[in-house]
Protein chains: 2
Amino acid sequence: MSELRRRRGRPPQDEAGKRREAILDAAIAEFGDKGYDAATIRAIAERADVDPALIHHYFDSKADLFADAVRFPLRPQAAIDAILEGDMDQLGERAVRYVLTLWENPEFQRRAVPLMRAAMGSKFTTPIVMQFLNRELAAKVAARIAAERQTSESDAQYRTALILSQMYGMLAGRYVMGIPGLADAPMDDLVAAVGATIQRYIDTP
Amino acid sequence: MSELRRRRGRPPQDEAGKRREAILDAAIAEFGDKGYDAATIRAIAERADVDPALIHHYFDSKADLFADAVRFPLRPQAAIDAILEGDMDQLGERAVRYVLTLWENPEFQRRAVPLMRAAMGSKFTTPIVMQFLNRELAAKVAARIAAERQTSESDAQYRTALILSQMYGMLAGRYVMGIPGLADAPMDDLVAAVGATIQRYIDTP
DNA sequence: GTCTATATTCCGATAGAC
DNA sequence: GTCTATCGGAATATAGAC
């Protein structure tokens with residue numbers, strides 16, 4: 001009995017933090033498959049071939065583990081500014097191409113999927129994701145639109161929201177839900193089609 | 001003690017199915033607030049001021065309760081055909097206006113939100129929602145586009161997926177996540193802006 | 001129809017030996 | 001760092017009295 005137990009006397013510390021990495025990797029996969037609530041620490045431990053208690057040794061709580069698991073994708077920060085700086089006429093296509101290229105990176109995708117799920121998960125998780133999204137992205141886009149197009153602040157916010165809604169729908173459909181026709185579409189097709197939409201949300205009065 | 005218990009000796013059967021309605025109403029609210037996994041039968045029972053066991057009397061399982069709670073929104077079925085029948089040139093605006101009008105109905109919205117959450121909830125809930133969506137909606141749209149525009153089946157599927165992605169993003173942003181600028185936009189503005197997008201996804205080669 | 005009581009399982013988290 | 005053992009609670013679900 002007790003055969004679900006981890007094998008005992010594990011070589012203490014294979015290499016520095018190797019098991020910790022395995023835990024994070026398993027957590028990303030579990031949160032990505034099941035969403036935050038349905039994912040369990042025990043299932044993550046089993047997936048990482050690790051004792052559940054070890055997870056609590058490395059991470060204080062389930063919420064902390066989730067935060068660490070999705071930390072990576074927040075990186076692109078710098079590139080966003082560069083994209084917004086270019087000429088306004090091709091901003092739509094440029095933005096879509098950048099976002100899609102980012103998502104084609106499997107490492108990014110794996111960490112971003114749990115965040116996309118959390119954004120729609122509950123009325124409690126939504127504001128957490130939205131706060132980050134607004135601070136890192138939406139505010140900058142709205143400011144750029146307001147400055148260039150010289151519209152009111154609320155109009156810029158409205159245009160930004162339209163852009164976000166199409167971006168979210170595209171990414172959710174392609175990478176999370178796997179909608180047929182969208183998940184397997186060539187990137188260039190999407191850049192042209194959705195890029196034109198974004199551009200129109202920027203331009204049209 | 002045991003003061004969390006329901007008051008005993010409830011008037012047997014207020015009116016036919018009145019408590020059952022209260023349970024369904026509470027379930028819609030809980031599933032809408034927290035999503036399927038985080039919502040609990042106990043919390044639903046407390047919200048409905050009902051004993052948890054009574055829920056199991058009316059509904060066999062949590063999944064059954066969820067299914068019954070969101071059953072209503074599947075109704076519009078008939079109207080979809082009417083919208084697709086009209087002239088192709090204004091199909092975009094017509095579709096957006098119809099969808100938004102539907103969602104402005106609070107009864108529809110309350111039941112549709114849990115479904116939208118479930119669509120992004122996990123890799124297990126996604127196909128359940130998608131199957132319904134495809135059968136009731138996507139297939140018809142794709143057929144109409146393929147017939148009218150005389151494109152290949154896969155091209156029609158691609159266009160339909162683009163349309164769905166923008167629709168999902170708009171509804172999720174406006175009614176589920178409550179994105180500022182989108183949640184409070186006048187319906188006519190959205191009909192014009194998003195309607196034009198949908199129309200372009202139908203038309204542009 | 002309604003509720004008490006409970007079976008059964010699983011959860012996140014902790015204490016402490018090694 | 002790793003694992004055993006377990007705490008304390010909450011989950012869904014069921015059996016059966018009233």
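On a predicted model such as this, the values are computed, not experimentally measured, just so you know.
- Residues B:M187 and B:T101 form a side-chain contact, since some pair of their non-hydrogen atoms from C-beta on lies under 4.5 Å apart.
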Sub-3.5 Å pairs of nitrogen or oxygen atoms, protein against nucleotides 12-14 of chain C:
residue : atom : partner : partner atom : Å
C:dG12  : OP1  : A:I41   : N            : 3.3
C:dG12  : OP2  : A:I41   : N            : 3.1
C:dG12  : N7   : A:R42   : NH1          : 2.6
C:dG12  : O6   : A:R42   : NH1          : 3.4
C:dA13  : OP2  : A:H56   : NE2          : 3.3
C:dA13  : OP2  : A:K62   : N            : 3.0

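- Residues passing the salt bridge (Lys or Arg N to Asp or Glu O under 4.0 Å) test with A:D33 are A:R47, B:K123, sequence neighbours excluded.
- Relative orientation of the A:Y36 and A:F66 rings is perpendicular, given thresholds of 30° and 60° on the angle between their planes.
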Every protein N/O within reach of nucleotides 16-18 of chain D N/O, cut-off under 3.5 Å:
none

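- Taking every heavy atom of both residues into account, B:T160 and B:I145 meet most closely at OG1-CD1, 4.0 Å.
- In the model, A:Y201 has a side-chain atom that pairs as donor or acceptor with a side-chain atom of B:T197 under 3.5 Å.
- Although no hydrogens or angles enter the test, the distance criterion places no donor-acceptor pair under 3.5 Å between the side chain of B:R111 and the main chain of B:R71.
- Nucleotide D:dT4 holds its P atom 6 Å from the CG atom of A:D51, rounded to whole Å.
- Using a distance-only test at 3.5 Å, with no hydrogens or angles considered, no donor-acceptor pair links the side chain of A:R97 to the main chain of A:G195.
- In this structure, B:L65 CG and B:H56 NE2 are separated by 9.0 Å, a value rounded to the nearest 0.5 Å.
- Per the geometry, CD1 belonging to A:I23 stands 10 Å off C1' belonging to D:dT2, to the nearest Å.
- Summarising the geometry, the separation between CZ on A:R20 and P on D:dT2 is reported as 12 Å, rounded to the nearest angstrom.
- Of the side-chain N and O atoms in A:R19, one or more sit less than 4.0 angstrom from OP1 or OP2 of D:dT2.
- Residue-level contact check: A:F59 touches neither bases nor backbone, having no heavy atom under 4.0 Å from any strand.
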